[in-house]
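One structure is given here, and the rest of the page talks about it.
It should be emphasised that the depicted structure is a prediction, and the values quoted were computed from it without experimental measurement. Order of appearance sets the numbers: ligands from 1, and atoms from 1 within every ligand. Nothing fancy with the numbering, it's 1 onward along the sequence.
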Amino acid sequence: MAARTCLAIVLAAGEGTRMHSARPKVLHAIAGRTLLAHVLDTVSKAGVTSAAVVVGPGQDEVVAEVRRALPAAGIFVQSERHGTAHAVLAAKPAFATRPDDILIVYADTPLIRPATLSRLRAPLANDADIAVLGFRPADPTGYGRLIMKGTDLIAIREEADASASERAIGLCNGGIMALVGNSALAMLERIGNHNRKQEYYLTDAVEIARGMTLRAVAVEVEEDDVRGINTKTQLAEAESVAQQRLRRAALDAGVTLVAPDTVYLSADTKFGRDVVVEPYVVFGERVTVEDGAVIHSFSHLAGAHIGKGASVGPFARLRPGTRLGDGARIGNFVEVKEAVVEAGAKANHLSYIGDAFVGANANVGAGTITCNYDGVEKHRTTIGKAAFIGSNSALVAPVEIGEGAYIGSGSVITENVPADALALGRSRQMVKEGWATRLRGLKSLGKKKA
Ligand code: UD1
Ligand code: CA
């Protein structure tokens, strides 16, 4: 039998009032990725044929995020927010492709997994016309309740409209629904807004289906798959679940996390084999760590590539554009940004390396600073292979230090240094013999007089 085609509709038009934020709810992030991008990523891995995203009016940033995360998705604007069923109908033109299944996913439910979406669609291939993801949350406040009769789902009651006995039901609506394509529009277009909020509730599709002698079922999943995010507290709870999953996946792939609960990962963090991550390390977006590298405690990395066997930290900060070659060493209190540090090069203590190239096996001494910013523009520093930069040097960019050159400690380097040369960029030391003895003599004379 040919695989069933599927249109996924992602609802992202809500304002997210309960987040108390100027940012649209679906652009809040967990594990370094927006809620919307998590959902689009899952949808794209769930074997759907096409995707449509419903956004609110004027939500340009949300549109931009859809284009970035899933360029193939159609974008539809729900010009006024009249509820979840109203939002689905904003994507009505997408129904024209006549998909076998329609999957409706809320963009504020980021922990959903591809396998869960496939499980939800499975009953549609048998005798169900609607399938809804159900779960039993520790705290059901705010969720719609699933009213069952045997194995049939007969209605979903929103909390605001539920009676006391309906509120006592523990089985809740996860907000993700699959409908058989050829009856979906008929169901959706019958939904009215006769409820407390005067909204068109997608959840009413269930009772309507029964009226049309169609069958609805619930597919029960664990709470973590369908946690909805309406508040900052729920955002933090979802972050914690996402972190547990990512840590678990890293451990299962052979990464050594000495204290997993203290390491923060991004959804896109990539590790090679035999990587060791010490306690208290934060991985922002776009970090790749190759085989055998060690990330020591209290380091913060983002947009960085760490070569094989390299060593980072403790207390290092690697910012976007950092590329460390094999065996490179970035030590304590060193910040690196937009810089290539080639194989075997070292900057072990207290440095800023920004907009720079550090050649293989170069040694950047303690306290070296690349002065990359003149107050208006950024400039580049190039340090040649095996060069030696003495401690406490300031390299004033744009500047090039030749291969194998030697910079004396405490230098301020403003001009290029040829290969294998010595450059001293500091004033000569002055010595006055006996000067201190004479000073002490003068002081003790003064005291006697007083
Ligand atoms: C919804 C469900 C509830 C379920 C819960 C699961 C309805 C009526 N209720 O409640 O049964 O338990 O999710 O998390 O569906 N949206 C739009 N346009 C609108 C309104 C909402 O696009 O006009 C989008 C939102 O961006 C959001 C999603 O739809 O992604 C759900 O809306 P939300 O207001 O969060 O619904 P809940 O009250 O959480
Ligand atoms: Ca919600």
Side-chain angles (χ1 to χ4, degrees), residues 8-19 21 23-28 34-40 43 52-57 59 62-63 65-66 75-91 104-112 120 130 132-137 139-147 153 155-162 166-167 169-177 179 188 191-208 216 218 220-221 223-235 237-238:
I9 301 177
V10 177
L11 302 190
E15 282 175 306
T17 350
R18 291 164 278 184
M19 295 294 267
S21 166
R23 180 192 301 226
K25 173 163 74 176
V26 300
L27 296 187
H28 285 79
T34 64
L35 305 183
L36 180 57
H38 279 283
V39 170
L40 294 178
V43 160
V53 184
V54 179
V55 305
Q59 290 191 322
V62 178
V63 169
E65 180 67 349
V66 176
I75 297 175
F76 299 88
V77 178
Q78 182 193 18
S79 39
E80 284 173 59
R81 294 178 176 87
H82 294 307
T84 42
H86 183 260
V88 173
L89 287 174
I104 298 167
V105 188
Y106 296 168
D108 68 351
T109 308
L111 297 170
I112 187 73
L120 181 66
I130 295 196
V132 173
L133 277 188
F135 71 118
R136 296 179 188 276
D139 175 11
T141 312
Y143 291 113
R145 306 299 202 278
L146 299 190
I147 303 175
L153 171 63
I156 305 178
R157 193 75 70 232
E158 286 310 295
E159 190 168 76
D161 303 297
E166 285 168 342
R167 280 186 196 206
I169 296 172
L171 186 61
C172 291
N173 175 20
I176 295 167
M177 198 182 266
L179 302 99
L188 294 168
I191 293 174
N193 66 346
H194 308 295
N195 53 55
R196 190 154 300 188
K197 291 192 187 158
Q198 299 203 320
E199 284 189 1
Y200 296 84
Y201 289 160
L202 175 62
T203 45
D204 286 351
V206 169
E207 259 176 306
I208 286 170
E220 197 173 326
V221 296
E223 176 171 15
D224 284 344
D225 265 26
V226 285
R227 278 173 188 278
I229 296 177
N230 298 321
T231 64
K232 291 278 168 75
T233 301
Q234 289 170 328
L235 183 71
E237 287 163 357

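Considering backbone and side-chain N/O atoms, N173 comes within less than 3.5 Å of an N/O atom of ligand 1. Here's the thing with G14: one of its N/O atoms is less than 3.5 angstrom from an N/O atom of ligand 1. Residue T84 places at least one N or O, backbone or side chain, under 3.5 Å from an N or O of ligand 1. In terms of polar-atom proximity, R81 is not counted as a contact of ligand 1, lacking any N or O under 3.5 Å from an N or O of the ligand.
Residue contact annotation: R18 has a non-hydrogen atom under 4.0 Å from ligand 1. Not close to ligand 1: V54, with no non-hydrogen atom less than 4.0 angstrom away. Heavy-atom distances between H86 and ligand 1 stay at or above 4.0 Å for every pair. Assignment of K25 to the shell around ligand 1 is supported, since a heavy atom sits closer than 4.0 Å. The closest approach between a heavy atom of A107 and any atom of ligand 1 is below 4.0 Å.
Residue nearest to atom 23 (O) of ligand 1, selected from G175, G83, A87, P137: G83 (by heavy-atom distance). Nearest-heavy-atom check against atom 2 (C) of ligand 1 across E158, M177, E159 picks out E158.
Side-chain contact between L89 and I191 is absent, with no heavy-atom pair separated by less than 4.5 Å.
A search for side chain to side chain donor-acceptor pair (under 3.5 Å) contacts involving T17 returns nothing, not counting sequence neighbours. For N173, there are no side chain to side chain donor-acceptor pair (under 3.5 Å) partners, not counting sequence neighbours. Listed by chain and residue number, F135 satisfy the ring pair (Phe, Tyr, Trp, His ring centres under 6.0 Å) test with Y143 (two or more places apart in sequence, or in another chain).
Scanning the protein heavy atoms around atom 35 (O) of ligand 1, the nearest turns out to be D108 OD2, 3.1 Å. Ranking protein heavy atoms by distance to atom 1 (C) of ligand 1, first place goes to Y106 CE1, 3.6 Å. Given atom 30 (O) of ligand 1, the protein heavy atom at minimum distance is L11 O, 2.9 Å.
Protein N/O/S atoms closer than 3.0 Å to the Ca ion (ligand 2), listed by chain and residue number, are D108 OD2, N230 OD1.
Contacts between V26 and ligand 1 below 4.0 angstrom, taking non-hydrogen atoms only, are absent altogether. Only side-chain heavy atoms of Q78 come within less than 4.0 Å of ligand 1; its backbone N, CA, C and O stay farther off. Contacts between A13 and ligand 1, counted as non-hydrogen atom pairs separated by less than 4.0 Å, involve both the backbone and the side chain.
Listed by atom number, the atoms of ligand 1 under 4.0 Å from A12 heavy atoms are 22 (O), 26 (O).
In this structure, L153 CG and I130 CD1 are separated by 8.0 Å, a value rounded to the nearest 0.5 Å.
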